[in-house]
Amino acid sequence: MASLQSLRGMVDLLPEQLGLWQHVEVTAREQFRRSAIREIRTPLLEVTELFARGIGEATDVVGKEMYTFFDRGERSCTLRPEGTASVVRAAIQHGLLSQGPQRLWYGGPMFRYERPQAGRQRQFHQIGVELLGFADACSDVEAIAVAWDLLAELGVGGLELELNSLGSAEDRARYREQLVAWLEQHRAELDADSQDRIHSNPLRVLDSKHPGTQALLAEAPSLASALSDASQSRFAEVQQALTALGIPYVLNPRLVRGLDYYSHTAFEITSSQLGAQATVCGGGRYDGLVQQLGGPATPAIGWALGMERLVLLLSQLKRPAAVASALDLYVVSRGEAAATQALALARRCRQAGLAVERDASGAAFGKQFKRADRSGARWAAVIGEQEAIDGVVALKDLRADGGEPADRRLSPEGLLEALGAALPRP
RNA sequence: GCGGGCGUAGCCAAGUGGUUAAGGCAGCGGCUUGUGGCGCCGCCAUUCGGGGGUUCAAGUCCCCUCGCUCGCCCCA
């Protein structure tokens, strides 16, 4: 293969596919606008330390999945593997939090060095929401509802909301001790991966898919029983609010999530139609992160949604979202003088708001009309040698049946007027 | 990082050791130098991801390599 290719796991998005993407983006923007959530954009590249401190040194993301390199100033830089740490960094850096709670969303590419598979790429795209400075249980549910309603609005069905509580930082620390002690006692019975995680990331052992380990875990101390009374009643509040909003959920006590910063509410929205990578949207509460990154103590909740996975679901739908506004006008011409007039006409019509394509081939009219037909345009404007001399254009309705020559001859302004009347104006 | 599957044209794809690499879509040209959708005709892979080997003979078998893909892992 002599020609150059994109890097493994880095995919091109072609015009044909982008109709769906743009539909998602427009719908999401509208959902955020209604939800009083404002956009924030942060750099794709950050100092490595941000992610190491924010996400956690022991996590897989930081430990083995980051695109990290030294720049010319010998600073260690990393392509962002997720969005939350950057948003929090930006909020701290610009004093946003001293202006009160922040309701923010972001979107764009993320990078993780993993083996690609269905629903997993090295460069992928997320849309995410971060509510900074919101402590109450209803805010957790508000965040979840924004995601849930966005997916509903897009018409994605068959989704499941999985829910768990990781408790407060103290609960988690206490439980961690219990769990490590128990795991140590049963070390020999665990699978190799889980053995490695006993000290580095014991909670993840709970989510092991190894059948033997799972069977054994039935006997392990449970996270739920380690929650303080306050944490438990907080979790109950979240569940009540979800019920009040009519959002169905299932409790998943094994849901711990891979990033260190989560506490209390953790959730994932999954689909059975995505293959092994079933999570479309995942998130949770991260009350400690802002302070950990040097900001004021700030409770927060957020989520991220995988664009590729969402688009995958959408493209499986029977009724794919209506895309691509067709062309209004296709301009056909023949001869040098006509080409200039065709260009001028196309430009004039574009200035008036019409979608116009001009055939630049100079080929036989038969060919040009074939392309005009395929372009999906509603009308064709014809400028041949005779029209060029007379300073007129012939207008032809491409939705009419036959192949008879266009008979309406109009001045350019007359054509504009005729089309303006025929087309619905926004 | 570890397993499985697969690489034939822009896309889909037949071909399972015998030599002229089916077919379809798209594209291009013509029937039709000034008028589209249908139809018909023609063109479009000196070569089967790349390299080496076995053989009289390799797209077909073997080895290596690159890539894609699915899964493990992890997560969006």
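Residue numbers start from 1 in every chain, and the chains themselves are labelled A, B, ... in the order their sequence lines are given, proteins ahead of strands.
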Sub-3.5 Å pairs of nitrogen or oxygen atoms, protein against nucleotides 26-30 of chain B:
| residue | atom | partner | partner atom | Å |
| --- | --- | --- | --- | --- |
| G27(B) | OP1 | R374(A) | NH1 | 2.2 |
| G27(B) | OP2 | R374(A) | NH1 | 2.9 |

Strictly under 3.5 Å: I want the nitrogen or oxygen pairs between protein and nucleotides 2-9 of chain B, one per line.
| residue | atom | partner | partner atom | Å |
| --- | --- | --- | --- | --- |
| C2(B) | N4 | R115(A) | NH1 | 2.5 |

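Across every strand in view, G29(B) sits in a pair with C41(B) that passes the Watson-Crick or G-U test at under 3.5 angstrom. If you check G67(B) for Watson-Crick or wobble pairing at under 3.5 angstrom, you find it paired to C6(B).
Using a 4.0 Å cut-off between charged side-chain N and carboxylate O, D397(A) and R378(A) make a salt bridge.
Partners of R347(A) under the side chain to side chain donor-acceptor pair (under 3.5 Å) rule, at least two apart in sequence or in another chain, do not exist in this structure. Annotation: ring-ring contact (aromatic ring centres under 6.0 Å, His included) contacts of W148(A) (sequence neighbours excluded): none. For H186(A), the ring-ring contact (aromatic ring centres under 6.0 Å, His included) partners two or more places apart in sequence, or in a different chain, are W182(A).
Scanning residues 47-55 of chain A for heavy-atom distances under 4.0 Å to RNA chain B yields an empty list.
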Requested in this report: Quick one: do S168(A) and H264(A) satisfy side chain to side chain contact (heavy atoms under 4.5 Å, CB included)? Show the steps, please.
Outcome: CA-CA 6 Å; S168(A) 64; H264(A) 292 292; 3.8 Å; yes

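Between Q277(A) and C75(B) there is no side-chain polar atom (N or O) within less than 4.0 angstrom of OP1 or OP2. Residue R204(A) places at least one side-chain N or O under 4.0 Å from the OP1 or OP2 atom of C75(B). An OP1 or OP2 oxygen of C68(B) is reached within less than 4.0 angstrom by a side-chain nitrogen or oxygen of R8(A).
Atom P of nucleotide U35(B) and atom CD of E387(A) are separated by 12 Å, given to the nearest angstrom. In this entry the distance linking CD of E308(A) with P of A76(B) reads 13 Å, nearest Å. Rounded to whole Å, atom P of U32(B) lies 19 Å from atom CD of Q368(A).
Under a cutoff of 6.0 Å and an axis angle of 45°, R122(A) and Y113(A) form a cation-pi pair.
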